[in-house]
Protein chains: 2
Amino acid sequence: MIDDLERAGASVTVKRAGGPDPARSRLTMGDLAQLAGVSAITISRALKNSDLVRPAVREKIQSLAAAHGYRLNTAARNLRLRRNHSITAVVNMTPSADRPISDPIFLALVGGLLQVSTDAGCRLILTNADQLLSSRNDDTDGIIFLGQGSDDAVLREVNALGLPFVVWGAPREEGGGWLTIGSDNVRGGRSIGEHLTALGRKQLLFLGDPAYPEVADRLSGLRSATAASCEITVIACPFGRGAGMTATAQAMTEGWRGDAVVGASDTLAMGAMTTLLGAGLHIPHHVAVVGFDDIPAAATAPVPLTTVRQDWDKAGALLGTKLLQWVAGERPGGEMLPISLVERASTIGMR
Amino acid sequence: MIDDLERAGASVTVKRAGGPDPARSRLTMGDLAQLAGVSAITISRALKNSDLVRPAVREKIQSLAAAHGYRLNTAARNLRLRRNHSITAVVNMTPSADRPISDPIFLALVGGLLQVSTDAGCRLILTNADQLLSSRNDDTDGIIFLGQGSDDAVLREVNALGLPFVVWGAPREEGGGWLTIGSDNVRGGRSIGEHLTALGRKQLLFLGDPAYPEVADRLSGLRSATAASCEITVIACPFGRGAGMTATAQAMTEGWRGDAVVGASDTLAMGAMTTLLGAGLHIPHHVAVVGFDDIPAAATAPVPLTTVRQDWDKAGALLGTKLLQWVAGERPGGEMLPISLVERASTIGMR
DNA sequence: GACTAGTGCGCCCTTATCGTA
DNA sequence: CTACGATAAGGGCGCACTAGT
């Protein structure tokens with residue numbers, strides 16, 4: 001009875017009372033249901049490939065939907081399911097040299113992320129920490145932090161949002177509440193140390209700011225593999241090619257005359273290379289140079305750069321997978337990604 | 001009366017009939033309304049700073065919302081307003097050398113985009129063309145295409161979605177239906193030509209694939225400024241440092257012995273530089289080198305690179321602004337961004 | 001009675017419109 | 001007229017249920 005009244009009301013109301021501009025309205029499941037001669041829920045199930053709909057009906061509905069260019073209204077689904085079907089990647093976007101994640105790496109990470117998030121039917125939202133924290137909206141299911149830098153306070157604030165939260169970087173002491181995934185920086189530093197030791201290098205210059213946990217790990221790995229045999233001079237400096245140039249020049253001015261430079265990143269190492277070559281030194285005859293990351297430019301540097309490769313694409317995919325598991329209710333553990341040393345002319349070149 | 005019945009029904013129904021897991025539910029406007037002793041709509045208005053709510057009430061509600069950590073349910077608002085409050089940036093994410101937009105540029109563009117979209121209360125979604133086209137969802141208000149490459153078919157497909165659509169690149173013949181915004185590539189090429197002509201260079205090598213409209217424009221600008229005075233050899237090659245190295249080597253093998261190389265991008269020019277230096281040539285004494293884009297690495301190349309600067313941050317902001325205007329119902333026109341030549345040692349170095 | 005394919009209803013949360021004190 | 005409230009969408013989907021074998 002109520003049903004009848006409502007139907008009558010609906011058909012009488014030629015001009016809808018409230019609501020936004022109906023001119024922009026698209027095809028809905030209801031429309032599609034009428035066209036197909038079934039109910040809306042059947043459309044829903046058919047488009048989801050549910051077993052509850054016969055294959056024949058399912059196909060008919062799917063082709064009908066395709067023919068009419070039907071697109072699912074995400075807002076309605078999200079509202080009903082209490083999920084946003086989107087995850088957020090937080091990035092420090094300002095183009096500064098002082099950035100722990102360099103550009104090609106960032107793109108590869110995002111590429112991997114995009115792959116898994118799309119496969120899971122999720123959108124990938126890009127933002128930075130300020131925007132994320134100042135938004136008063138509840139529109140994401142989980143957060144991924146790329147390039148944590150050395151700032152714990154921001155991580156804690158983001159964590160306070162109460163969403164699944166995965167950070168790319170070096171794991172801190174436990175208890176943060178979030179999940180950390182990163183490369184095995186200690187092992188990376190160690191393999192550099194072993195390589196240089198095998199080459200008989202004794203006087204190392206390390207470029208990078210140990211305030212970043214990743215950098216500290218790389219340095220400690222390097223130290224552990226070279227303990228007795230090498231002397232290591234550390235110059236704390238930000239990331240970037242310019243910083244590598246400056247730091248190397250500074251070291252030389254201050255009297256450093258070693259036989260190897262290790263950059264905490266490829267950009268740092270390539271900056272060092274520029275300064276060394278400019279000073280008339282031969283690489284690797286006088287000074288060997290090693291980087292970290294294996295960005296594309298490393299292979300085509302003036303002297304191809306020996307460096308530590310990390311599988312960024314896989315890393316991005318792993319970040320996404322873990323976050324999505326967490327969103328789905330599991331509680332996955334952290335993980336370290338393996339690394340591998342790529343030997344090039346900057347350490348093993350012909351003399 | 002109906003009201004009373006429903007209230008009674010609600011209070012009796014301890015366990016709700018349908019719906020998803022209620023444990024995960026957050027605070028809603030209704031809850032907040034009860035706490036504040038007003039109706040939900042008043043909460044809505046107060047949080048929007050509407051004049052329809054007294055300032056005193058407004059402030060009380062806002063602080064209440066803040067105290068309880070209330071976050072607006074975006075899905076519900078989007079459903080009601082028939083807007084997604086999100087725009088999509090489409091990017092070719094695969095790390096290939098054959099990419100018309102290099103990484104730092106991409107990040108700067110995205111940074112500018114992020115700025116304006118957030119200011120407008122919009123989320124920025126990142127995706128690639130495949131994902132965008134295969135999605136059967138209707139969850140974005142507009143699309144921005146970064147790095148169109150030479151593939152018109154994809155643009156037409158995206159355009160067929162019927163959403164506001166802005167493309168970064170060189171404008172094509174009219175009638176596409178979408179909006180194109182790009183740098184003034186012709187003028188950029190021309191200023192390179194004028195610069196090299198003033199320096200007395202006569203035999204130019206141009207690296208880049210004219211199949212890309214941007215590249216074709218740069219080349220035609222270069223030609224127009226050097227018409228009588230120069231001979232230009234064109235080597236069609238993809239983007240990237242490696243391609244620049246190979247192409248230059250190829251040109252020299254084939255007998256090219258000119259006095260200037262112009263790369264369609266900085267990466268191409270820097271690759272050329274590597275090959276030239278490796279062949280024992282002096283830059284710019286024997287050969288001047290010019291790039292395009294002014295990526296950060298250009299300033300710190302072995303020989304700092306003369307190049308054409310484009311304001312990427314501003315470009316991203318402009319892309320976003322135009323798209324948002326279109327989303328809001330206006331129909332803004334296309335635009336060209338100004339460029340400027342940055343003269344460095346690769347053309348005006350001491351001899 | 002057990003099973004399958006499909007239906008009716010209500011709810012998710014916010015906001016435009018109109019009504020009311 | 002000012003400040004607030006009641007109502008009704010907005011589109012999709014989970015649950016309980018029914019028609020059919």
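Since the model is a prediction, treat every value here as computed from it, not as a measurement. A, B, ... follow the sequence lines: proteins, then strands. Residue 1 opens every chain.
- Atom P of nucleotide D:dG12 and atom NE2 of A:H85 are separated by 13 Å, given to the nearest angstrom.
- Remark: of the listed residues B:R26, B:R77, B:R123, B:R123 is the sole one forming a salt bridge (Lys or Arg N to Asp or Glu O under 4.0 Å) with A:D139.
- Each of B:D51 and A:K48 lies near DNA chain D, and the nucleotide nearest B:D51 is the one positioned closer to the 5' end.
- Partner of B:F165 under the side-chain contact (heavy atoms from CB on, under 4.5 Å) criterion, chosen from B:T180, B:L155, B:L323, B:V90: B:L155.
- Counting only distance, with no hydrogens or angles, the side chain of B:T42 and the backbone of B:V38 share no donor-acceptor pair below 3.5 Å.
- Between the P atom of C:dA5 and the CD1 atom of A:I61 lies a distance of 14 Å, rounded to the nearest Å.
- Between A:L109 and A:W312 the shortest heavy-atom distance is CD2-O, 3.6 Å.
- Annotation: A:W326 is not in aromatic contact with A:W178 [ring centroid separation under 6.0 Å not met].
- Taking the side chain of B:M29 as heavy atoms from C-beta on, and the options C:dA16, C:dC13, C:dT14, the nearest nucleotide is C:dT14.
- In this entry the distance linking CZ of B:R77 with P of C:dA16 reads 11 Å, nearest Å.
- A sub-4.0 Å separation between OP1 or OP2 of C:dC13 and a side-chain N or O of A:R82 is present.
- One interatomic measurement links the two molecules: NZ of B:K60 to P of D:dA3, which rounds to 16 Å at whole-angstrom precision.
- The side chain of A:L79 has C:dC12 as its nearest neighbour among C:dG6, C:dC12, C:dT14.
- A heavy-atom distance below 4.0 Å to DNA chain D is reached by these residues of residues 32-43 of chain B, ordered by number: B:V38, B:S39, B:I41, B:T42.
- Only one option out of B:V91, B:L126, B:V167, B:I105 pairs with B:L146 in a side-chain contact (heavy atoms from CB on, under 4.5 Å); it is B:V91.
- Here D:dG10 presents its P atom at 17 Å from CG of A:L72, a figure rounded to the nearest Å.
- One end of the helix from C:dA2-D:dT21 to C:dA21-D:dT2 points its axis 50° away from the other end's axis, with each axis taken from 5 pairs and the angle rounded to 10°.
- A donor-acceptor contact under 3.5 angstrom links the side-chain atoms of B:R45 to the base of D:dG5.
- Of the side-chain N and O atoms in B:Y70, one or more sit less than 4.0 angstrom from OP1 or OP2 of C:dT14.
- The main-chain N or O of B:N84 is found under 3.5 Å from a side-chain atom of B:D141 such that the two form a donor-acceptor pair.
- With hydrogens and angles ignored, a donor-acceptor pair under 3.5 angstrom links the side chain of B:R80 to the base of C:dT15.
- In this structure, CG of B:D31 is placed 13 Å from C1' of C:dC12, rounded to the nearest angstrom.
- Formation of a donor-acceptor pair under 3.5 Å by the B:T140 side chain with backbone atoms of B:S86 is found in this model.
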Kindly indicate, with the supporting measurements, whether the criterion side-chain hydrogen bond (donor to acceptor under 3.5 Å, both in side chains) is fulfilled by B:N49 and B:Q62. CA-CA 9 Å; B:N49 286 317; B:Q62 287 182 354; 2.8 Å; yes
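- Straight-line distance from the CZ atom of B:R83 to the P atom of C:dA16: 12 Å, rounded to whole Å.
- Per the geometry, CG belonging to B:L52 stands 9 Å off C1' belonging to D:dT2, to the nearest Å.
- Between the side chain of B:S63 and the main chain of B:K60, a donor-acceptor pair closer than 3.5 Å is present.
- Look at A:S44 and you won't find any side-chain N or O under 4.0 angstrom from OP1 or OP2 of D:dG12.
- Under 4.0 angstrom from either OP1 or OP2 of D:dC4 there lies at least one side-chain N or O belonging to B:R54.
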